[in-house]
Number of protein chains: 2
Amino acid sequence: MNLKRPAPTLHDVSVAAGVSTATVSRCLNFPDQVAKLTRDKVLSAIQLLGYSPNFGAKAMAARRTNTIGAIIPTMENAIFARGLEAFQEELRLHGFTMLVASTSYRPEIEEEQIRSLVARGADALLLIGHERDPEIYRFLETQGVPVLITWVFDAESTRPSVGFDNRVAMMEMAIKVIEFGHTELAFISAATARNDRATARLNGIGDAMIAAGLNADDLHCIETTYGIEEGAAAFDKLMLKTPRPTAVFCGNDVLAVGALRRARELKIAVPQDVSIIGFDDIELAQVAYPPLTTVHVPHREMGRRAGHALADHLKNGTPLKSVQLGTRPVLRETLAPVKVGS
Amino acid sequence: MNLKRPAPTLHDVSVAAGVSTATVSRCLNFPDQVAKLTRDKVLSAIQLLGYSPNFGAKAMAARRTNTIGAIIPTMENAIFARGLEAFQEELRLHGFTMLVASTSYRPEIEEEQIRSLVARGADALLLIGHERDPEIYRFLETQGVPVLITWVFDAESTRPSVGFDNRVAMMEMAIKVIEFGHTELAFISAATARNDRATARLNGIGDAMIAAGLNADDLHCIETTYGIEEGAAAFDKLMLKTPRPTAVFCGNDVLAVGALRRARELKIAVPQDVSIIGFDDIELAQVAYPPLTTVHVPHREMGRRAGHALADHLKNGTPLKSVQLGTRPVLRETLAPVKVGS
DNA sequence: TTGTATGCGTTATCAA
DNA sequence: TTGATAACGCATACAA
């Protein structure tokens, strides 16, 4: 049972306006190639019928969609929102439309989304991080869909990326933390398997520890899924360890805010009893109480540059090349020197 | 310059497998209508070529996409995220895919997105709030695209909606606030023009005031765009008014958190000096410090029900009908009785 | 400036 | 169980 009346087509419009379908098509795509009089007739017919071009047919005939797909791990929090917004704004400037999909951090869903966006005719794809099944890269290759990676910069990789060095970003922060006298460190991380950002951040802390003469194996690392509740739960476990960590790194600001909340519930003073460090510097970090020490990531610039690169590539054939952006530790109130005698 | 090698088509697969295109198509859509032997041949050809069906062509031939569009005001914060997630999960259960778009709270962008999703073949649309240009409803009508409204329940409207009564929701909260002795009330709102939720919430406060014998005109209302920074700025202005408000309602939790932050910066104690009340009860509300008093909205149930209704409508022709859900005031720590003598 | 005719990659109908 | 073939709605090369 389907009562849908078929939507008006180009042909319907052409009949109503008393012209050919070609003319209607031109009216829409190259308005100045058609006489003003005809154009007016056509436009009012379009208006009258409530005509709207069929995207599928258009894509098929034109063999491009001016659509770029972006696949992010989650829309649940603001982590990717700002970068994506900048990306979209930039694309819009160049006449491209963005299509978003999210994966809940699950590789198999990401694969599904990649295939879905490609099937929908995405002219290119923006993906987060390098690490995924080689098979899917081969698929994208045979489909002829260019891919730009973001949130990561890896000089080793042949694939173009616009991002930052996650290891260095976290290492710089860890060095500061160690300078504050902390030696009992912990890390609430996303699952590191199949997540190059999480792995790099973990290594960053380890490298800083080694550089400071600490033993990187002493880092207590808990892997969990991203979420406020999860951050809180992980913090709970960490506080039971002996010796108790005096500084807790978090894989992102959302986890850190969860840890912060649990600390409050446990009457553990931050930063007096324990320091908490986030990553990303989303708005949440400044709103948290106390304001969160975190690693600032150039969300907007990353999005903007990625958008520009892809648009330029599709329109002018400019090769995609990697761009490295910087991050910086932002010291707010959740980090303090380690308490003497603690 | 375009080096894109054309992607493999159904025809390519059929040649490689030595069968007709019809057989390949059946293999994909009705696998048990084809002999196991042929199926294996076809599947391995598909694998080999990295074939992926073209969505546009498929949509055109099948005259449906199994895609449902959802258009929300913003992805910048978590306000719509949870409901959307539930919506998507429910759709997935029924074999539908969700396409999201956001509008930055701008009607003209919403219109653009509606047209874009319809052009992309969305079988139905989920929209937030009733209020929009009648023209666009007419357009959807002629396109034969069913629409379900959410985040709102309006018994008056003929259009189906799955949501709650924004006026009553806010009124219930305002009654509590007034019971705490507050008489100097203020409201940091989204723009009420062309936003039935904002308008209803404003009216809800007014109704509660009237019921309590207050003058609804005494409500200080500031309209602003949604954002933490904007909430902070509006709070600033409110604190300069005489008499100074003792309770500040906010159109959503994001604004409320901004107000909370500014209060801290101004050394205005919450809730001792001023009470702050949010709306939505997103995760942020519990993480805020002090935890935010707010109106709880049944995000997930709303999304789930909306998804179910649309899927059921498209698959079985079940008419869309309105569902009213409840909200409830959640009293946390940002609301306290008015200070005597203040 | 406008019209004609063809092809884009599927699905679905009808025959075989 | 399989194969031809006609739509589907649009863009575009070519002709007028």
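Below, chain A is the first sequence line, B the second, and so on; all start at residue 1. What you see below is based on every heavy atom in this structure, not just the backbone, and it leaves out hydrogens, waters and symmetry mates.
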Proximal nucleotide (of [options]) relative to the [X] side chain:
{"X": "A/Val19", "options": "C/dG3, D/dC8, D/dC10", "answer": "C/dG3"}
{"X": "A/Ala61", "options": "D/dG9, D/dA4, D/dT1", "answer": "D/dG9"}
{"X": "A/Ala57", "options": "C/dA12, D/dC10, C/dT2", "answer": "D/dC10"}
{"X": "A/Tyr51", "options": "C/dT10, C/dT2, D/dC10", "answer": "D/dC10"}
{"X": "B/Asn54", "options": "C/dG9, C/dA12, C/dT2", "answer": "C/dG9"}
{"X": "B/Leu10", "options": "C/dT2, C/dT11, D/dT12", "answer": "C/dT11"}

**Message:** Do A/Arg304 and A/Phe87 form a cation-pi contact, if we require the NZ or CZ to be under 6.0 Å from the six-membered ring centre and within 45 degrees of the ring's axis?
**Reply:** no
**Prompt:** Quick one: A/Asn29 CG to D/dC10 P, roughly how many Å, whole number?
**Reply:** 11 Å
**Request:** Whole angstrom is fine here: how far is it from NE2 in B/His11 over to C1' in C/dT11?
**Result:** 16 Å
**Prompt:** Of B/Arg39 and A/Ala22, whose nearest nucleotide on DNA chain D comes first from the 5' end?
**Reply:** B/Arg39
**Fill in**
Result for 5'-nearest mapping on DNA chain D, choosing between B/Thr21 and B/Met60, is B/Thr21
**Prompt:** Do A/Arg120 and B/Thr67 have side-chain atoms, one donor and one acceptor, less than 3.5 Å apart?
**Reply:** yes
**Message:** Between C/dG7 and A/Arg63, counting only base atoms on the nucleotide and side-chain atoms on the residue, is there a donor-acceptor pair under 3.5 Å?
**Reply:** no
**Message:** Counting only side-chain nitrogens and oxygens, does B/Ser25 get under 4.0 Å of the OP1 or OP2 atom of C/dT11?
**Reply:** yes
**Asked** Would you say a side-chain N or O of B/Thr38 is under 4.0 Å from OP1 or OP2 of D/dT2?
**Response** yes
**Fill in**
When B/Ser52 and B/Arg26 are each assigned the nearest nucleotide of DNA chain C, the 5'-most assignment goes to B/Ser52
**Fill in**
Note: B/Arg64 and B/Asp123 closest approach over all heavy atoms is CA-OD1, 3.8 Å
**Prompt:** Just checking B/Ser14: base, sugar-phosphate only, or nothing, at a heavy-atom cut-off of under 4.0 Å?
**Reply:** nothing
**Message:** Using a heavy-atom cut-off of 4.0 Å across all strands, would you classify B/Thr23 as base, sugar-phosphate, or nothing?
**Reply:** sugar-phosphate
**Asked** With a 6.0 Å cut-off on ring centres, are A/His299 and A/Trp151 close enough?
**Response** yes
